[in-house]
A.B. asks: 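The structure that follows is given in the form of C-alpha cells.
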Amino acid sequence: GTYPPLRSRIFKIIVIGDSGVGKTCLTYRFCAGKFPDKTEATIGVDFREKVIEIDGEKIKVQLWDTAGQERFRKSMVQHYYRNVHAVVFVYDVTNAASFRSLPAWIEECRQHSLGQEVPRILVGNKCDLRHALQVSTELAQKFADSHSMPLFETSAKNPDDNDHVEAIFMTVAHKLKSQK
Ligand code: GDP
Ligand code: MG
C-alpha cells in the first residue's frame with residue numbers, strides 16, 4: 001500500500017507590502033478562515049500555517065507575516081528571507097502610496113535572491129472599499145504584466161471574497177507543487 005510521508009512538505013511563502021495594506025488579515029483569513037477581530041490582528045507572530053491537500057498530498061503552507069515590523073532589524077531579515085518558496089506582494093487598492101512602494105519591495109526581494117525565478121504574485125487588497133478606490137485594475141494589471149506576475153484583487157474583510165483569498169494561496173501552492 002501507500003504510506004504517508006513522515007513529515008508533510010512545507011511551502012514557505014512570504015507576504016510583503018507596506019504597513020496597513022492587510023497582510024495580517026489576509027494570512028489570518030486563509031489560515032483561520034475568517035477576518036480577524038481586533039485583538040487577533042495585533043498578535044505578533046512570525047508566521048501562520050495551514051495544511052492543505054493537493055493531489056492527495058498534504059502540504060503545510062506557511063505564510064510569513066512581518067508582525068508589524070515592516071522595516072526589520074538586520075538580524076531578522078536573514079531569518080525572514082531564508083528558504084522562501086514564493087513571494088506575495090500586497091498593496092491596498094485605496095492607498096496609491098502602497099502601490100508606489102511595490103518597486104522597492106520587489107527590489108528588496110531581488111537583493112535576497114527572490115527574483116523572477118521564484119513564483120511571485122501581486123495582490124490588491126481592500127476591494128470592498130470600492131468608493132475609495134485609488135489604484136485601478138488596469139494600472140495594477142499593467143504593473144503585474146511588466147513584472148511577469150499574476151494579479152489578484154481581493155478583500156480580506158468581505159466574506160463574499162473568501163474564495164478569492166483562498167484562490168491566491170492555493171494558486172501559489174499548486175504552482176509550487178507542480179515545480180517539485
Ligand atoms: P498589515 O499591516 O499589512 O498587516 O495590515 P492589517 O492586516 O493589520 O490591516 C490593516 C487595517 O486594514 C486593519 O484595520 C484591518 O482591519 C484593515 N483591513 C485589512 N484588510 C481589509 C480589507 O480587505 N478591507 C477592509 N475594509 N479593511 C481591511
Ligand atoms: Mg501585520
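Start at 1 and go down the list; that is how both ligands and their atoms are numbered. For the numbers below, each heavy atom of this structure counts, side chains included, while hydrogens, waters and symmetry mates do not.
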A.B. asks: Distance under 4.0 Å to a non-hydrogen atom of L129: what atoms of ligand 1 satisfy this?
C.D. replies: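 In order of numbering, the contacting atoms are 26 (N).
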
A.B. asks: Say whether D65, considering both its backbone and side-chain N or O atoms, lies within less than 3.5 Å of an N or O atom on ligand 1.
C.D. replies: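 The answer is no, given that D65 and ligand 1 share no N or O pair closer than 3.5 Å.
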
A.B. asks: Counting heavy atoms only, which part of F35 comes closer than 4.0 Å to ligand 1: side chain, backbone, both or neither?
C.D. replies: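 Side chain only.
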
A.B. asks: L133 and L122: same hydrophobic cluster, using ILVMFWY side-chain contacts below 4.5 Å?
C.D. replies: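 The answer is yes; both residues are in one hydrophobic cluster.
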
A.B. asks: Is S19 close enough to the Mg ion (ligand 2) to have an N, O or S atom under 2.8 Å?
C.D. replies: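 So S19 does not count as coordinating the Mg ion (ligand 2).
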
A.B. asks: Classify the ring geometry of F99 against Y91: parallel below 30°, tilted from 30° to 60°, perpendicular beyond 60°.
C.D. replies: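 F99 and Y91: perpendicular rings.
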
A.B. asks: Regarding atom 17 (C) of ligand 1: of the candidates K126, R29, K23, which has the closest heavy atom?
C.D. replies: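 Considering heavy atoms of K126, R29, K23, the nearest to atom 17 (C) of ligand 1 sits in K126.
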
A.B. asks: Of the backbone atoms (N, CA, C, O) and the side-chain heavy atoms from C-beta on, which set of D128 has a member under 4.0 Å from an atom of ligand 1: side chain, backbone, both, or neither?
C.D. replies: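 Side chain only; the backbone of D128 stays clear of ligand 1.
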
A.B. asks: Taking only heavy atoms of D18 into account, list the atoms of ligand 1 that are under 4.0 Å away from them.
C.D. replies: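 Those atoms are 3 (O).
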
A.B. asks: With sequence neighbours left out, write down each residue that passes side chain to side chain contact (heavy atoms under 4.5 Å, CB included) with P103, or none if nothing qualifies.
C.D. replies: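 Scan of P103 (side chain to side chain contact (heavy atoms under 4.5 Å, CB included), adjacent residues dropped) gives F143.
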
A.B. asks: Can N158 be said to touch ligand 1, with heavy atoms closer than 4.0 Å?
C.D. replies: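 Not so, N158 does not reach ligand 1.
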
A.B. asks: Could you walk me through whether N125 and T154 pass side-chain hydrogen bond (donor to acceptor under 3.5 Å, both in side chains), step by step?
C.D. replies: CA-CA 5 Å; N125 189 41; T154 193; 5.2 Å; no

A.B. asks: Does the side chain of D65 come within less than 4.5 Å of R48's, by heavy atoms?
C.D. replies: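 In contact.
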
A.B. asks: Hey, quick one: are V51 and F47 part of the same hydrophobic cluster, counting side-chain heavy atoms closer than 4.5 Å, chains of contacts allowed?
C.D. replies: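 Each belongs to a different hydrophobic cluster.
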
A.B. asks: Are any of the N/O atoms on K157, whether in the backbone or the side chain, positioned under 3.5 angstrom from an N/O atom of ligand 1?
C.D. replies: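 In this structure, K157 places an N or O atom under 3.5 Å from an N or O of ligand 1.
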
A.B. asks: Below 3.5 Å, N or O to N or O, backbone or side chain included: is there any such pair between C25 and ligand 1?
C.D. replies: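 Yes: some nitrogen or oxygen of C25 is under 3.5 Å from one in ligand 1.
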
A.B. asks: Going by salt bridge (Lys or Arg N to Asp or Glu O under 4.0 Å), name the pairs with one or both residues in residues 134-146, residues two or more places apart or in two chains.
C.D. replies: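 Not a single pair qualifies under salt bridge (Lys or Arg N to Asp or Glu O under 4.0 Å).
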
